[in-house]
Chemist: 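If you scroll down you'll find the structure; I have some questions about it.
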Number of protein chains: 2
Amino acid sequence: MELRTIGYFVAVADAGSVSAATRLTHITQPSLSRQLRQLERELGLELFTRQDGRLTLTPAGRQFLPVARDLLSRADATRAAAARIRAGSLPTVTVAAPAVTLNDIVAPFFATFGPDDPMPRVLPLDASDEYGALDRGADLVIGTRPPSGTTARTPLASFPVNAYVRADHEWAGRREVTLAELVEHDLLVPTPESHARRAFDAAVETAGLPVRLTEFSSSQVAQAVAAAGRGIAVVSDDPRYDLVRLLVTTGSGDVLRIGLHAAWSPHHHGAAHLAVLVQRLRRFVRDRYDQPR
Amino acid sequence: MELRTIGYFVAVADAGSVSAATRLTHITQPSLSRQLRQLERELGLELFTRQDGRLTLTPAGRQFLPVARDLLSRADATRAAAARIRAGSLPTVTVAAPAVTLNDIVAPFFATFGPDDPMPRVLPLDASDEYGALDRGADLVIGTRPPSGTTARTPLASFPVNAYVRADHEWAGRREVTLAELVEHDLLVPTPESHARRAFDAAVETAGLPVRLTEFSSSQVAQAVAAAGRGIAVVSDDPRYDLVRLLVTTGSGDVLRIGLHAAWSPHHHGAAHLAVLVQRLRRFVRDRYDQPR
DNA sequence: CGATGTTACGTGATACGTAACAATT
DNA sequence: AATTGTTACGTATCACGTAACATCG
């Protein structure tokens with residue numbers, strides 16, 4: 001039983017005769033006649049009675065006809081679905097990102113979606129192999145490392161890593177502090193999953209500096225402890241407890257920043273839509289976090 | 001796009017590789033590989049990416065997969081429907097009969113149907129070509145003529161044609177009256193579509209007798225007029241207005257009766273169910289109309 | 001090497017068209 | 001005669017299997 005043969009059956013039933021159905025099927029009458037008989041043999045049903053040199057639907061055929069029609073309409077729907085995909089439709093979009101990013105950035109962005117936007121789905125990432133998620137169901141990956149390989153990419157935003165000190169600290173009047181200066185103190189940092197921590201760890205490792213870290217599961221708690229004068233909080237969020245913000249500069253003089261990058265496959269069938277979506281996300285992030293540039 | 005190729009796609013997606021899918025499809029790996037590529041060309045979709053000597057679903061393929069699965073499940077449903085028909089299922093049963101019979105007999109019978117019985121449908125018949133309805137959608141025909149041809153048949157019941165006279169009529173003490181006697185009087189008859197009228201007309205025509213008929217669209221009105229002494233009502237229903245019932249005998253001495261016959265195709269896929277249904281109908285009619293024999 | 005998937009080539013099945021036939025109207 | 005559907009026969013297509021090749025772990 002194939003779609004073709006089912007189509008032949010419906011054509012004959014609709015046209016009322018094999019001869020008339022040839023106009024619908026574009027095959028010759030004997031071929032059509034044979035296919036029909038074979039379908040009957042295959043299904044084990046007598047769909048038509050042959051009498052008086054004519055075909056008339058049997059009750060079995062009459063009962064099977066709507067079933068056959070339904071199957072054909074599903075086949076049409078399948079072809080239509082393929083066409084929509086080909087045209088780049090995105091009924092759902094799956095965004096993969098570290099859990100922190102999903103909560104802090106992706107989720108608020110999804111909250112701005114309208115009814116015509118795709119249904120958002122989400123895929124939490126473990127730190128390693130961020131962009132491999134593109135092969136495991138993600139349409140879009142938001143990562144902190146610049147994507148490698150043949151992915152399309154857009155830098156979304158970058159957030160400075162802040163070192164927060166008390167207003168009575170000796171650095172309170174400065175705007176920046178070097179990494180080398182910083183590691184001389186007790187540092188209050190969030191967990192290794194956080195963006196700030198990862199950026200900080202990477203910079204420290206590059207510089208080969210020893211550090212004394214105290215880890216907090218919440219960066220706000222880290223700030224509170226800094227406000228108590230027990231160390232310097234190195235976090236990425238906004239200041240609390242009247243703490244003073246210092247930017248952190250690396251050995252090469254750059255300000256230590258957390259980069260957020262969006263990546264997707266340029267061969268994705270909805271790549272155009274994805275690019276638009278990423279632009280919206282970029283604008284959203286910059287508006288929300290008041291980014292420069 | 002055929003069911004076979006769609007099945008190949010789903011098999012490969014499920015198995016994770018072409019090689020593994022050969023266990024599901026029972027064709028060799030190169031053939032499967034080719035069919036898959038052809039499906040991609042036909043749909044215009046890149047369902048898998050070929051990289052690292054492996055296939056991985058693209059977002060397009062991931063989006064198409066549930067659609068393909070749905071089509072296959074519909075195909076299974078279609079095959080299952082064919083199997084049910086083959087086994088003789090009757091989700092609906094279409095009974096064809098003259099409108100009078102549908103109202104007076106078939107409809108009350110349908111009222112006794114339980115939830116497991118087929119959904120009843122109905123097809124009004126014109127008097128001529130009663131049993132031709134079997135080719136126009138009827139599973140079962142209830143007719144007044146004995147069916148001809150190769151149909152399966154069961155006599156359902158027969159109702160006498162009654163001649164109703166007033167209690168003060170000269171015939172009031174008799175049980176029967178001959179057709180020849182009857183036609184000497186003014187006769188009050190129902191419309192030509194009714195069973196009684198048709199049986200009466202046929203008998204009269206056979207006997208070659210002249211008649212004086214007054215036609216009423218309701219046999220109860222005919223009885224009322226007979227009660228008024230304006231003629232003899234020749235109808236098939238039960239007496240009213242204290243009229244006296246006489247059976248009508250033909251020239252050959254038989255009592256004039258209306259026969260009801262059920263007919264269906266012995267090749268009908270649900271012929272067994274139909275036979276049972278007809279037996280129920282027969283019992284129903286006899287119980288309800290208190291038939292002899 | 002042992003997986004993978006693709007390409008090449010030959011074969012068998014089969015869907016198809018042309019032609020001839022049979023049966024009704 | 002004109003229409004219907006079936007049978008017969010030859011052909012072209014196409015799905016399939018075997019084999020050889022390419023690539024990656």
Chemist: Looking at the side chain of Ile27(A), which of dG17(C), dG5(C), dA15(C) is the nearest nucleotide?
Modeler: dG17(C)
Chemist: Can you see which heavy atom on Leu32(A) is nearest to which on Thr25(A), and at what distance?
Modeler: CD2-OG1, 3.8 Å
Chemist: Taking only side-chain nitrogens and oxygens of Ser33(B), does any of them come within less than 4.0 Å of OP1 or OP2 of dT6(C)?
Modeler: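 Checking dT6(C) against Ser33(B), a side-chain N or O does come within under 4.0 Å of OP1 or OP2.
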Chemist: Answer yes or no: does atom CD of Gln51(B) have more than 12 heavy-atom neighbours from other residues, nucleotides or ligands under 6.0 Å?
Modeler: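 Atom CD in Gln51(B) is packed in, count exceeds 12.
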Chemist: Quickly work out the Leu3(A) CG to dA15(C) C1' distance and round it to whole Å.
Modeler: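 Computing the Leu3(A):CG to dA15(C):C1' distance gives 16 Å.
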Chemist: Look at the aromatic rings of Phe9(B) and Phe48(B) and report parallel, tilted or perpendicular, splitting at 30° and 60°.
Modeler: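 Plane angle over 60°, so perpendicular.
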Chemist: Look at all strands and tell whether Tyr8(A) reaches a base, only sugar-phosphate, or nothing, counting heavy atoms closer than 4.0 Å.
Modeler: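 It contacts sugar-phosphate atoms only.
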Chemist: Mind checking Ser31(B) for me? I need base, sugar-phosphate or nothing, with any heavy atom below 4.0 Å counting as a touch.
Modeler: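 Contact class for Ser31(B): base.
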Chemist: Look at all strands and tell whether Gln29(A) reaches a base, only sugar-phosphate, or nothing, counting heavy atoms closer than 4.0 Å.
Modeler: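 Contact class for Gln29(A): base.
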Chemist: What's the CD-C1' distance between Gln35(A) and dT6(D), to the nearest Å?
Modeler: 14 Å
Chemist: For Arg41(A) and dT14(C), give me the distance from atom CZ to atom P, rounded to whole Å.
Modeler: 11 Å
Chemist: Please classify the nucleic acid contact of Arg34(B) as base, sugar-phosphate, or nothing, using heavy-atom distances under 4.0 Å.
Modeler: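 Base contact - Arg34(B) has a heavy atom under 4.0 Å of at least one base atom.
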Chemist: Taking only the side-chain heavy atoms of Gln38(A) (C-beta and beyond), determine which of dA15(C), dC24(D), dC16(C) contains the nearest atom.
Modeler: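 My answer, after comparing the listed nucleotides, is dA15(C).
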Chemist: What contact category does Thr28(B) fall into here, base, sugar-phosphate, or nothing, at under 4.0 angstrom with non-hydrogen atoms?
Modeler: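 Counting heavy atoms under 4.0 Å across all strands, the contact made by Thr28(B) includes a base.
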Chemist: Set out, in order, the CA-CA distance, both residues' side-chain angles and the distance that settles side-chain contact (heavy atoms from CB on, under 4.5 Å) for Arg4(B) and Glu2(A), then state yes or no.
Modeler: CA-CA 7 Å; Arg4(B) 182 174 38 82; Glu2(A) 289 294 333; 3.4 Å; yes
Chemist: Give a yes/no answer on whether the side chain of Ser19(A) brings an N or O atom under 4.0 Å of OP1 or OP2 in dG5(D).
Modeler: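 Yes, such a contact exists.
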Chemist: Tell me the interatomic distance from Glu42(A), atom CD, to dT14(C), atom P, rounded to whole angstroms.
Modeler: 11 Å
Chemist: Hey, which sits more toward the 5' end of DNA chain C by its nearest nucleotide, Leu32(A) or Arg37(B)?
Modeler: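 Result of the comparison: Arg37(B).
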Chemist: Tell me the interatomic distance from Gln51(B), atom CD, to dG25(D), atom P, rounded to whole angstroms.
Modeler: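 Result: 10 Å.
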Chemist: Whole angstroms only, please: what is the CG-P distance between Leu55(A) and dT3(D)?
Modeler: 17 Å
Chemist: How close or far is atom P of dA15(C) from atom CG of Leu39(A), stated in whole angstroms?
Modeler: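 It works out to 11 Å between those atoms.
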Chemist: I want to confirm an ordering. Mapping Arg54(A) and Pro30(A) to their closest nucleotides on DNA chain D, which one lands closer to the 5' end?
Modeler: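 Upstream on the strand: Arg54(A).
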Chemist: Using the rule given for salt bridge (Lys or Arg N to Asp or Glu O under 4.0 Å), can you reason through Glu40(B) versus Arg50(B), listing the C-alpha separation, both sets of side-chain angles and the distance that settles it, and then say yes or no?
Modeler: CA-CA 13 Å; Glu40(B) 288 182 307; Arg50(B) 278 83 174 166; 2.8 Å; yes
Chemist: Can you tell me the distance, in whole Å, between the NE2 atom of His26(B) and the C1' atom of dG17(D)?
Modeler: 16 Å
